[in-house]
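Labels below follow one simple rule: chain letters A, B, ... track the order of the sequence lines, proteins then strands, and each chain is numbered from 1.
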Amino acid sequence: MSDIIDEVLSTLGRGKIFRARELLLPDYVPETLPHRENQIRKIVEILAPLARSEKPSNIFIYGLTGTGKTAVTKFVLKNLYKRFSSNFIYIYVNTRQSDTPYRILADILESLNSKVPFTGLSTAELFRRLIRKLNEVNPIVIIVLDEIDAMVKKHGDDILYRFTRANNELNKSKISLIGITNDVKFVETLDPRVKSSLGEEEIVFPPYNAEELEDILKQRAKLALNENAIKDDVIKLCAALAARDHGDARRALDLLRVAGEIAEREGKDQITTSDVEKARVEIERDRVYEILSTLPFHSKLVLIAILKGLRDKSTLTTGEVYEAYLKLANKMGVESVTQRRVSDILNELDMVGIITAKVVNRGRYGKTKEISLAVSEDIILKAIVESDERIASMWN
DNA sequence: TATCCACAGGAAGTCGTGGCCA
DNA sequence: TGGCCACGACTTCCTGTGGATA
């Protein structure tokens with residue numbers, strides 16, 4: 001057995017592709033950000049009052065996934081902090097990961113070295129603690145709330161309102177907010193008071209085109225990969241695939257990194273276009289597998305019901321899915337959920353891209369959804385059967 | 001043109017679990 | 001230890017939708 005481990009380690013240890021693999025990871029902020037000069041300039045202009053220890057305006061940043069919103073924001077704040085560290089501090093919170101008002105406040109307090117329990121306190125108490133803490137620290141605190149739309153859709157904009165009003169309760173300190181969102185229409189859904197306060201300044205990040213993505217990849221490849229580990233045609237392919245995917249730089253870098261890992265695993269000294277193709281399939285498979293294996297039990301059962309139903313026809317209605325689901329639940333001897341809940345589960349599966357659910361009006365025959373699979377049946381089955389013993393035993 | 005169908009989906013509430021604090 | 005709170009999963013109740021049909 002240890003022979004296998006030694007063999008694998010010796011192959012990977014001799015890696016000929018990467019010089020610094022971590023430079024291709026999404027959280028790495030490079031020293032230069034090509035094609036984002038205008039946005040950097042605009043943010044610096046808005047945050048310039050920090051140089052005089054004055055509170056800058058709140059900012060709202062829009063743009064699709066992978067357009068550099070987070071990287072540019074972190075880049076500007078990092079560089080301003082190098083120059084004016086005595087004037088302000090900044091705290092970054094990803095509100096998709098910390099997706100409740102409680103977790104956001106807890107994250108901010110933890111960044112300020114204040115220990116917070118995982119649960120058990122009211123959000124009002126956390127807010128009180130935050131105000132107390134802020135009154136002890138630096139005069140100005142910049143709070144970056146990334147992917148803020150996801151949290152607000154779930155829990156409302158109350159926490160944003162409280163943040164925008166917090167300055168009234170602070171004696172020495174002041175808060176400025178930077179909200180980052182993928183949803184251009186998100187701000188329209190906010191309470192007018194929050195909207196006017198949070199959106200003092202707005203910046204839009206347009207998607208990258210294929211040429212711009214190519215420049216970004218070339219710059220990053222130069223830093224992260226060994227010389228001659230990659231050719232221009234491979235970079236072009238990564239850029240083209242990511243450009244097709246609404247100009248997503250994160251996707252382009254992921255493709256390059258995973259293609260490099262595949263090439264390295266195979267003992268090659270150069271990444272080829274076929275490695276990129278393999279990387280594309282692997283990234284998609286991993287994403288889907290992770291989503292599927294962490295689904296709640298009834299969501300998995302609904303998916304199995306869809307798989308069974310789609311053996312006889314190309315699409316199913318919500319009612320047909322629910323019927324098939326009830327039969328399965330009955331067969332397994334588990335209590336079923338209501339149709340209302342199944343409707344929500346179908347929406348959730350649609351949102352994460354596992355199924356396609358199109359609302360259709362069939363006149364006298366009512367309004368429903370036409371449901372079909374968006375990923376291969378094999379991947380779904382594998383992930384569900386491997387992650388749930390009850391379903392596995394029923395299936396086998 | 002009114003009616004009908006098969007849901008969609010919003011709002012408010014319940015339940016169980018896990019955890020804090022006085 | 002009891003009261004309180006967060007949170008996810010779920011239920012109940014309700015109104016809205018829009019094209020086919022009588």
Side-chain angles (χ1 to χ4, degrees), chain A residues 93-110 114-133 147 149-163 183 185-186 188-191 290-306 309 313 315-326 328-330 332-352 354-372 384 387-388 390-391:
Chain A
V93 183
N94 186 316
T95 64
R96 190 175 287 279
Q97 284 153 17
S98 305
D99 65 346
T100 66
Y102 187 94
R103 281 306 331 153
I104 291 172
L105 289 167
D107 276 9
I108 295 171
L109 277 160
E110 274 161 20
S114 190
K115 194 116 184 73
V116 179
F118 182 74
T119 177
L121 299 176
S122 67
T123 43
E125 171 57 24
L126 286 201
F127 210 81
R128 266 194 297 277
R129 289 188 186 189
L130 177 62
I131 296 294
R132 214 180 307 143
K133 190 75 191 175
E147 304 199 56
D149 48 311
M151 194 283 297
V152 169
K153 272 175 199 158
K154 266 192 186 172
H155 299 279
D157 58 8
D158 185 55
I159 188 166
L160 293 182
Y161 179 72
R162 297 183 77 165
F163 274 135
D183 184 354
K185 290 180 181 164
F186 163 69
E188 303 304 324
T189 64
L190 293 175
D191 182 300
E290 198 188 326
I291 292 168
L292 288 169
S293 55
T294 54
L295 284 176
F297 174 74
H298 288 287
S299 302
K300 287 177 181 166
L301 212 52
V302 167
L303 256 179
I304 294 289
I306 296 172
K313 51 208 291 196
T315 60
L316 296 169
T317 64
T318 304
E320 288 166 338
V321 171
Y322 188 60
E323 244 175 69
Y325 158 80
L326 284 180
L328 275 178
N330 203 25
M332 292 180 74
V334 295
E335 205 170 317
S336 56
V337 297
T338 58
Q339 182 154 352
R340 177 69 187 85
R341 176 63 192 139
V342 168
S343 172
D344 276 345
I345 288 173
L346 290 173
N347 282 342
E348 287 158 20
L349 293 174
D350 183 27
M351 216 163 69
V352 294
I354 304 296
I355 63 167
T356 306
K358 196 173 122 202
V359 179
V360 286
N361 259 295
R362 299 177 304 172
R364 188 172 181 75
Y365 304 102
K367 184 184 176 185
T368 184
K369 272 183 175 153
E370 271 180 4
I371 293 146
S372 56
I384 294 181
S387 62
D388 195 295
R390 279 186 291 176
I391 295 178

**Report entry** Stepwise side chain to side chain contact (heavy atoms under 4.5 Å, CB included) check, A:Asp107 with A:Gln97
**Finding:** CA-CA 10 Å; A:Asp107 276 9; A:Gln97 284 153 17; over 6 Å; no
Query raised in the report: Quick one: is A:Thr318 getting a side-chain N or O under 4.0 Å of the B:dC7 phosphate, OP1 or OP2?
Result: no
Query raised in the report: Do the rings of A:Phe127 and A:Phe163 sit parallel, tilted or perpendicular, given the 30° and 60° boundaries?
Result: tilted
Report task. Go through DNA chain C in 5' to 3' direction and return only the first and the last nucleotide with some atom under 4.0 Å of chain A's heavy atoms. Result -> C:dC5 to C:dT21
Report task. Look at the side-chain N and O atoms of A:Lys367 and state whether any lies under 4.0 Å from the OP1 or OP2 oxygen of B:dC4. Result -> no
Report summary line: So CG of A:Asp344 and CG of A:Leu349: to nearest 0.5 Å the spacing works out to 11.0 Å
Requested in this report: Send over the distance from A:Asn361 CG to B:dC5 C1', rounded to a whole Å.
Outcome: 10 Å
Query raised in the report: Taking the side chain from A:Tyr325 and the backbone from A:Val337, do they hold a donor-acceptor pair closer than 3.5 Å?
Result: yes
Report task. Drop me the distance from A:Glu323's CD to A:Thr317's OG1, to the nearest 0.5 angstrom. Result -> 8.0 Å
**Report entry** Residue whose nearest DNA chain B nucleotide is more 5′ - A:Lys369 or A:Arg364
**Finding:** A:Arg364
Report task. Nearest whole angstrom, please: distance from the P of B:dA8 to the NZ of A:Lys358. Result -> 15 Å
Requested in this report: Pick base, sugar-phosphate or nothing for A:Ser336, based on heavy-atom distances below 4.0 Å to the nucleic acid.
Outcome: sugar-phosphate
Report summary line: Here the pair of heavy atoms bringing A:Lys300 nearest to A:Ser293 is NZ-O, 3.4 Å
Requested in this report: For B:dA6, take OP1 and OP2 only and decide whether either is under 4.0 Å from a side-chain N or O of A:Arg340.
Outcome: no
Report task. Using a heavy-atom cut-off of under 4.0 Å over every strand shown, decide if A:Glu125 touches base, sugar-phosphate, or nothing. Result -> nothing
Query raised in the report: With a non-hydrogen cut-off below 4.0 angstrom, is A:Asn347 in contact with a base, only sugar-phosphate, or nothing?
Result: sugar-phosphate
